[in-house]
Amino acid sequence: MSIKVIVAGFKGRMGSTAVDMVKGDDELTLAALLDPFATEKEVDGVPVFTDKADLVGFDADVWVDFTMPAVAYENTHFALENGFAPVVGTTGFTEAQIQDLTALSKDKSIGGLIAPNFAIGAILLMKFAAEASKYFPDLEIIELHHDKKKDAPSGTAVKTAELIREVREPKRQGAEDEVETLAGARGAEFDGFRIHSVRLPGLVAHQEVIFGAQGEGLTLRHDSYDRISFMGGVNLGIKEVVKRDQLVYGLEHLL
Ligand SMILES: NC(=O)c1ccc[n+]([C@@H]2O[C@H](COP(=O)([O-])OP(=O)(O)OC[C@H]3O[C@@H](n4cnc5c(N)ncnc54)[C@H](O)[C@@H]3O)[C@@H](O)[C@H]2O)c1
């Protein structure tokens, strides 16, 4: 039986790529499209909505969300309340919001996924970085994105930092008497190490984790050159959440 999918944010860069992916998979059916900036009433026979309230009672299984950080929590809450299993790529959730949504999904017995990165290479980078941090506790994260990205640091950088915090020996890096003569020069502080955000036209989504030790260095890097890199993960997410009864944070939980 085909899985019926709503795509929220379908006019955007990621949403439109997700629409193409859903259309190209016989096991999925595009059931509805949502975007407040849509002017059309339907696209190829698929109904278009500009207000999510009109989707109450709609017949669909999964809510794919690529919208914006300011509405991601509200949208995911709405999806769970209305029986749509959320597959959320939108970034900017706080830890408390993720806990809250996980609890709601348990109450409702609905599967779901919030994934700051759907690219398999980025998942591997996070895993390898956490592993390396056990041996190289001195590290810095540099994430690089296109200049339209609204939140900083990226959800991937935060997730990487959280995974590192779980296993790295606590350590405050840098000189004791370090002084920033220009505010922000050392980046954002996270558990004693630093995260830097680069925003430039031409970039898609990239991340480096640089490790330093006595006389040696190690650099791990992942590049998403094209948004298609995220679609295998979104496809997997859609097919997995309908089998589950609880929301998870991170694609690695479904691999
Ligand atoms: N998880 C991942 O792998 C991954 C990868 C790339 C980007 N992202 C994230 O996905 C999100 C979207 O990125 P983008 O580059 O496509 O942004 P975008 O600005 O191109 O598109 C966002 C779309 O969402 C729409 N929108 C805004 N509010 C909405 C609402 N309440 N309901 C429905 N639609 C709404 C906007 O009109 C717009 O068309 C960002 O948070 C970005 O960081 C995640």
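Only a predicted model underlies this, so the values are computations on that prediction, with no experimental measurement involved. Start at 1 and go down the list; that is how both ligands and their atoms are numbered.
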(message) Test salt bridge (charged side-chain N to carboxylate O under 4.0 Å, His left out) on E252 and K159; report intermediate values, then the result.
(response) CA-CA 11 Å; E252 63 277 13; K159 176 84 180 172; 3.0 Å; yes
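Relative to atom 23 (C) of ligand 1, the option among I6, T156, D35 with the closest non-hydrogen atom is D35. In this comparison of D65, V71, T91, T50, the heavy atom closest to atom 41 (O) of ligand 1 sits on T91. Nearest-heavy-atom check against atom 35 (C) of ligand 1 across P36, A72, S224, G89 picks out P36.
Taking the six-membered ring where the residue is Trp, the centroids of F66 and F230 are separated by 6.0 Å or more.
Looking at atom 21 (O) of ligand 1, its nearest protein heavy atom turns out to be G12 CA, 3.2 Å. Considering only non-hydrogen protein atoms, atom 7 (C) of ligand 1 sits nearest to M14 CG, 3.5 Å.
Note on ligand 1: A205 sits outside its first shell, no heavy atom being nearer than 4.0 Å.
Close approach of ligand 1 to F118 (heavy-atom distance below 4.0 Å) involves ligand atoms 1 (N), 2 (C), 3 (O). Using a 4.0 Å cut-off to heavy atoms of G9, the atoms of ligand 1 that qualify are 23 (C), 24 (O), 25 (C), 33 (C), 34 (N). Per-residue contacts place K149 under 4.0 angstrom from the following atoms of ligand 1 (heavy atoms of the residue considered): 43 (O).
Residues E42 and V48 share a closest heavy-atom pair of CA-CG2, 3.6 Å.
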